[in-house]
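These notes concern the structure reproduced below.
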Amino acid sequence: MSDIFTGSFTQQEPIPEEGVKAALKVMRSGRLHRYNLAPDEPGETSLLEREFAAWTGAKYALAVASGGYALATALRAVGVEPGEPVLTNAFTLAPVPGAIASVGATPVFVGVTEALTIDLDELEAKAGQARVLLLSHMRGHIADMDRLLQICRAAGVTVIEDCAHTMGATWRGRLSGRDGLIGCYSTQTYKHMNSGEGGFLITDDDEVMARATILSGSYMLYGRNGTRPPEQAFERVKYVTPNVSGRMDHLRAAILRPQLARIDAQCAAWNARYAVVEEGLRGAPGLTIVERPEAERFVGSSIQFLLLDWSDAAINDVLARCAKRGVELKWFGGAEPVGFTSRYDSWRYAPAAPMPATDRVLRGILDMRLPLTFTLEDCALIARIIRAEVGAVWQAGQG
Ligand SMILES: *Cc1c(COP(=O)(O)O)cnc(C)c1O
């Protein structure tokens with residue numbers, strides 16, 4: 001059997017037709033800036049903010065220019081200062097430590113478990129070192145949020161959630177992004193909604209939202225935002241909060257609104273694909289499935305499996321064999337950053353002591369996107385290819 005997969009791992013679905021129409025209308029109006037509004041016109045960006053807040057159940061939502069911008073704004077809004085240590089995941093993507101570095105603060109990495117979530121024992125041990133945890137639900141894996149919140153509450157640590165991969169996911173029924181003081185999301189092309197670039201920040205806190213709004217570049221036009229805290233909150237912060245422009249524009253908002261309207265169905269479609277791949281890989285010798293806790297309702301927009309304690313040569317062999325058959329796997333164990341994938345020790349601007357238990361897990365993580373342009377049959381074929389190639393290398397005794 002040597003089927004080849006010919007689909008593209010980076011091809012997303014087209015923008016829904018209503019979004020295209022709404023975008024054309026914005027372009028024809030010439031009013032693209034979020035505060036360029038006709039009298040009584042709420043504008044696409046404010047409408048999107050109201051809809052996103054309603055969907056998440058948050059009091060406030062702020063639409064911004066990127067997920068990374070939302071993270072940095074969240075850190076600024078809670079007053080993180082230059083030189084301050086900020087706890088974060090060792091297993092995440094570069095924009096997370098990048099957001100911390102962008103405010104002059106210093107990432108303090110917390111390791112990853114075989115469940116691909118933040119190591120809560122290590123978090124507990126390090127919690128005294130920082131005021132803030134920038135928690136990345138990396139690749140959609142949600143840690144035991146009950147215990148995590150308990151640890152952070154006990155240590156007086158404020159939680160900011162990076163939900164770039166968990167838009168629509170829940171822990172014990174609570175939407176990801178609602179457990180922390182602030183939840184941040186990305187609407188960059190490879191996330192759960194696609195506006196090319198874009199993001200959101202949500203919170204229930206008046207003062208945080210007032211700061212974030214001014215930070216985002218509202219000038220004194222914040223009265224036109226979709227969701228906004230009372231005027232007194234702005235009065236307290238508006239003279240002392242810098243403008244660090246990173247607004248969303250109407251064009252992006254216009255293409256996001258119809259996507260938000262169907263996000264729940266999209267999440268179900270991802271999970272159907274995930275289930276097919278997971279099922280196809282289950283029981284493959286040498287391969288460890290990442291079992292998902294019952295309390296977690298994840299969104300399977302990507303899938304990870306582990307080749308734990310395999311040699312680098314054997315893993316490279318699997319990658320090459322799969323690539324030859326059209327299946328693009330990413331490896332978090334690679335010594336050098338490749339594409340979107342990098343390791344905590346590739347971010348050399350941040351101090352990082354060696355983390356042997358984390359290194360062992362990272363060395364074993366294989367990662368694959370599941371764009372919705374894949375059919376369920378595509379997913380079954382991909383799983384067969386991975387299973388066969390992992391099996392071939394394992395049987396040759398290289399694993
Ligand atoms: C994509 C991503 C971000 C940031 O999103 P951008 O919109 O690209 O800035 C943050 N965290 C993680 C884990 C991501 O994958």
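Ligands are counted one by one from 1 in listed order, and the atoms in each one are counted from 1 as well. Since this is a predicted model, take the numbers as computed values, not measurements.
Between Gln188 and ligand 1, a contact under 3.5 Å exists for at least one N or O pair. Polar contact check, His165 against ligand 1: a nitrogen or oxygen pair lies under 3.5 Å apart. Residue Thr92 has no N or O atom closer than 3.5 Å to an N or O atom of ligand 1. Checked by distance only, ligand 1 and Gly68 come closer than 3.5 Å through their nitrogen or oxygen atoms. By the 3.5 Å distance cut-off applied to N or O atoms, Leu93 is not counted among the residues near ligand 1. Between Ser186 and ligand 1, an N or O atom pair is found at a separation short of 3.5 Å.
Evaluated by nearest non-hydrogen atom to atom 11 (N) of ligand 1, the leading choice among Val64, Thr189, Asp162 is Asp162.
If you check the side chains of Thr213 and Ser218, you find no donor sitting under 3.5 Å from an acceptor. No hydrogens or angles considered: nothing links the side chains of Asn316 and Trp331 as a donor-acceptor pair under 3.5 Å. When only modelled atom types and interatomic distance are considered, Ser342 and Trp347 share a side-chain donor-acceptor pair under 3.5 Å. At a cut-off of 3.5 Å, with distance as the only test, no side-chain donor of Ser176 or Arg178 sits close to an acceptor on the other residue. In this model, no donor atom of one side chain and acceptor atom of the other lie less than 3.5 Å apart for Ser136 and Asn89.
For residues 61-77, no pair satisfies side-chain hydrogen bond (donor to acceptor under 3.5 Å, both in side chains), with sequence neighbours left out.
Contacts with ligand 1 closer than 4.0 Å are made by side-chain heavy atoms of Val96 only, the backbone lying farther away.
Looking from atom 14 (C) of ligand 1 to the surrounding protein, the closest heavy atom is Lys191 NZ, 3.0 Å.
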Side chains of residues 10-18: which donor-acceptor pairs under 3.5 Å do they make with residues two or more places apart or in other chains?
| unit_1 | atom_1 | unit_2 | atom_2 | d |
| --- | --- | --- | --- | --- |
| Thr10 | OG1 | Ser8 | OG | 3.2 |
| Gln12 | NE2 | Thr189 | O | 2.9 |
| Glu13 | OE1 | Gln266 | NE2 | 2.8 |

